[in-house]
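First up is the structure itself, then whatever we jot down about it.
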Amino acid sequence: MVSSGSLSSLLALLALAFLSLSASALPRPRTASTTAALKLAVRVNSYGIKNIAAADRARLKVLQAGGSSSVNATNTVTTYTADVGVGSPATYYTLLVDTGSSNTWIGSNKPYKQTATSRDTLHKFKIPYADGSSVSGEEYTDTVTLSSDLVVNSQSIGVASEASQMGGLDGILGLGPVDLTQGLVDDTSEVATVMDNLYTQKTISSEVLGVFFAPASSSDSSGELTFGSYDAAKITGRINYVPVTSVFPASTYWGIDQSIMYGSTPILDETAGIVDTGTTLILIASDAFNIYQTATGATLDKTTGLLQISSDQYEQLSSLYFTIGGITYELTPNGQIWPRSLNSAIGGTTNSIYLVVSDSGDSSGSGLDFTNGYCFLERFYSVYDTTNSQVGFATTEYTYATTN
């Protein structure tokens, strides 16, 4: 995952025209065995929070280097987690939902309980973290249970023998492209992901994942993963798809091409970046960030690492416009600020206003010029379509919310 100050362990399009598909052209939400939904819990954690912007940038450095995944185990801010069962009978583990990595592993907090379905592959795995540490251990196959109708047989999972503490989390549910697993397990070219096996075992009819997040400050901040399609009840309008970008290294993740404007001011020309549930903030290239900071009049808060604005400046704040495949998505002023009720979780002061747009640390042209993290995804529904190598977005009831 490409994560913010949260654990890192975290959609893409070519520079072609954006493919806008009508609902009738999309995979239909189905009954019985073709799709199933998994409810998520939101975690607000303050373990070791010092500077979430710095933590996000550290994760991005690993991704830009072509690494498979990175996890910052000390700076967890806001993450979505899923309770996932391993074994039969299942022991349940609280895992970070991460589209920026693809290996699923457990053992950071709760020990692995072997059952009759557990098999040691005798292979070792090792996954690097953004802070230079890593998780490593033994690779097993076992039964993985996401819900009563989402059960994967013989899923490859890592069982950590050495791992940094993850703020009470037990590990990672990797939902990124399978190529990200290459080179992480000894004597194994790549490891079939949970999504891969749900599809090949015919539990779902399409290798498609729908992700719904709600703002952490909303009255109901629970999220939902839909396997096999998307949840039409969670969107307003239609899903618009774009192909995964061809620009490396964004192309190895759920990477897309997009441009960004602040009001009527262009701040980032169309370029490649990624969408990542494991990243908290919206990271943009340094040159774009400088334009944004100047336009907003914000100053950098050293404690949180975030831009800070006054109440008067907030009243003058313009929307950000993300254009993806010819479709423009508006991130309102309220969507650009950290939830004020959660300021204390990041070391901020109660009445301050912090912006969730941060500096990636590199100028544009790196091949990974932005990360649309959690703060973007809580305003827009996202769909990750492995079958057609595309990513989709749609508005939700929270797109124009003022809960922050």
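Values below: all heavy atoms of this structure, side chains included; hydrogens, waters and symmetry mates excluded. Note that the structure is predicted; figures quoted are calculated from it, not measured.
Between Gln201 and Val152 there is a side-chain heavy-atom pair separated by less than 4.5 Å. Using a 4.5 Å cut-off on side-chain heavy atoms (C-beta onward), Tyr241 and Val383 make contact. A 4.5 Å side-chain heavy-atom check between Ile291 and Thr265 finds at least one atom pair inside the cut-off. Two residues are said to be in side-chain contact when any heavy atoms from C-beta on lie closer than 4.5 Å; Thr323 and Gln258 fail this criterion. Side-chain contact between Thr145 and Tyr92 is present, with at least one heavy-atom pair separated by less than 4.5 Å. In this structure, Ile157 and Ile106 have side chains that are in contact, with non-hydrogen atoms separated by less than 4.5 Å. Contact annotation: the side chain of Leu355 approaches that of Ile337 to within less than 4.5 Å [non-hydrogen atoms, C-beta and beyond]. At least one side-chain heavy atom of Ile284 sits under 4.5 Å from a side-chain heavy atom of Ile260.
Rounded to the nearest 0.5 angstrom, Asn103 CG and Phe125 CZ are separated by 8.0 Å. Note that OG1 of Thr236 is 12.5 Å distant from OH of Tyr381, once rounded to the nearest 0.5 Å. The structure places CD of Glu207 at 9.0 Å from CG of Asp385, a figure rounded to the nearest 0.5 Å. Here CG of Leu175 is found 7.0 Å from OG1 of Thr99. Values are rounded to the nearest 0.5 Å. Annotation: the span from Thr349 atom OG1 to Asp301 atom CG amounts to 7.0 Å, rounded to 0.5 Å. Separation of atoms OG (Ser102) and CG (Leu173) is listed at 10.5 Å; rounding is to 0.5 Å.
Minimum heavy-atom separation, Thr304 to Gly347: CG2-C, 4.1 Å. Between Arg379 and Pro215 the shortest heavy-atom distance is NE-CG, 4.2 Å. Nearest heavy atoms, Val356 versus Leu281: O-CB, 3.5 Å. Nearest heavy atoms, Thr350 versus Asn343: O-ND2, 3.2 Å. Of all heavy-atom pairs spanning Ser206 and Thr387, the tightest one is C-OG1, 4.1 Å. Closest approach of Ser363 and Ala285 over heavy atoms only: C-CB, 3.9 Å.
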Give the intermediate values and the outcome of side chain to side chain contact (heavy atoms under 4.5 Å, CB included) for residues Leu331 and Gln336.
CA-CA 7 Å; Leu331 188 68; Gln336 294 172 56; 3.9 Å; yes

Go through the steps to decide whether Ser147 and Asp149 satisfy the test side-chain hydrogen bond (donor to acceptor under 3.5 Å, both in side chains), and finish with yes or no.
CA-CA 5 Å; Ser147 67; Asp149 52 358; 2.8 Å; yes

Verify side chain to side chain contact (heavy atoms under 4.5 Å, CB included) between Val135 and Trp105, making sure each step is shown before the conclusion.
CA-CA 9 Å; Val135 56; Trp105 63 271; 3.6 Å; yes

Could you walk me through whether Phe370 and Ile282 pass the side chain to side chain contact (heavy atoms under 4.5 Å, CB included) test, one step at a time?
CA-CA 7 Å; Phe370 62 83; Ile282 299 168; over 6 Å; no

Full working for side chain to side chain contact (heavy atoms under 4.5 Å, CB included) between Ser364 and Leu268:
CA-CA 8 Å; Ser364 56; Leu268 187 65; 4.1 Å; yes

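Donor-acceptor pairing under 3.5 Å is lacking for the side chains of Asn334 and Thr332. A donor and an acceptor atom, one from each side chain of Tyr292 and Thr294, are nowhere located under 3.5 Å apart. If you check the side chains of Glu139 and Ser156, you find a donor sitting under 3.5 Å from an acceptor. Side-chain N/O atoms of Asp179 and Thr252 include no donor and acceptor closer than 3.5 Å. Side-chain N/O atoms of Thr115 and Thr117 include a donor and acceptor closer than 3.5 Å. Donor-acceptor pairing under 3.5 Å is recorded for the side chains of Glu330 and Ser319. In this model, a donor atom of one side chain and an acceptor atom of the other lie less than 3.5 Å apart for Ser352 and Gln308. Side chains of Asp287 and Asn290: no donor on one and acceptor on the other come within 3.5 Å.
Between the side chain of Thr200 and the backbone N or O of Asp196, at least one donor-acceptor pair lies under 3.5 Å. Using modelled atom types, one side-chain atom of Thr104 and one backbone atom of Gly174 make a donor-acceptor pair closer than 3.5 Å. Remark: the backbone N or O of Asp142 is not paired with any side-chain donor or acceptor of Ser154 at under 3.5 angstrom. Remark: the backbone N or O of Gln313 is paired with a side-chain donor or acceptor of Ser310 at under 3.5 angstrom. Under the 3.5 Å distance criterion, the side-chain polar atoms of Ser318 are left unmatched by any main-chain donor or acceptor of Gly263. Between the side chain of Arg340 and the backbone N or O of Asn404 there is at least one donor-acceptor pair closer than 3.5 Å. Put simply, the side chain of Ser88 never gets that close to the backbone of Ala90: no donor and acceptor are under 3.5 Å apart. In this structure, the side chain of Thr188 does not engage the main chain of Glu190 through any donor-acceptor pair within 3.5 Å. Judged by distance alone, the side chain of Asp231 and the main-chain N or O of Ala233 form a donor-acceptor pair under 3.5 Å.
Checking Phe376, Phe380, Phe393 one by one against Phe322, the ring-ring contact (aromatic ring centres under 6.0 Å, His included) holds for a single residue, Phe376.
With sequence neighbours left out, the salt bridge (charged side-chain N to carboxylate O under 4.0 Å, His left out) criterion links Lys124 to Glu138. The side-chain contact (heavy atoms from CB on, under 4.5 Å) test applied to Gln114 returns Tyr112, Ser118, Tyr140, not counting sequence neighbours. Residues satisfying the side-chain contact (heavy atoms from CB on, under 4.5 Å) test with Asp170, not counting sequence neighbours, are Tyr93, Thr94, Leu95, Asn109, Lys110.
Within 6.0 Å of CG in Asp269 there are 12 or fewer heavy atoms belonging to other residues, nucleotides or ligands.
Taking the six-membered ring where tryptophan is involved, the planes of Tyr374 and Phe213 are tilted, since the angle between them lies from 30° to 60°.
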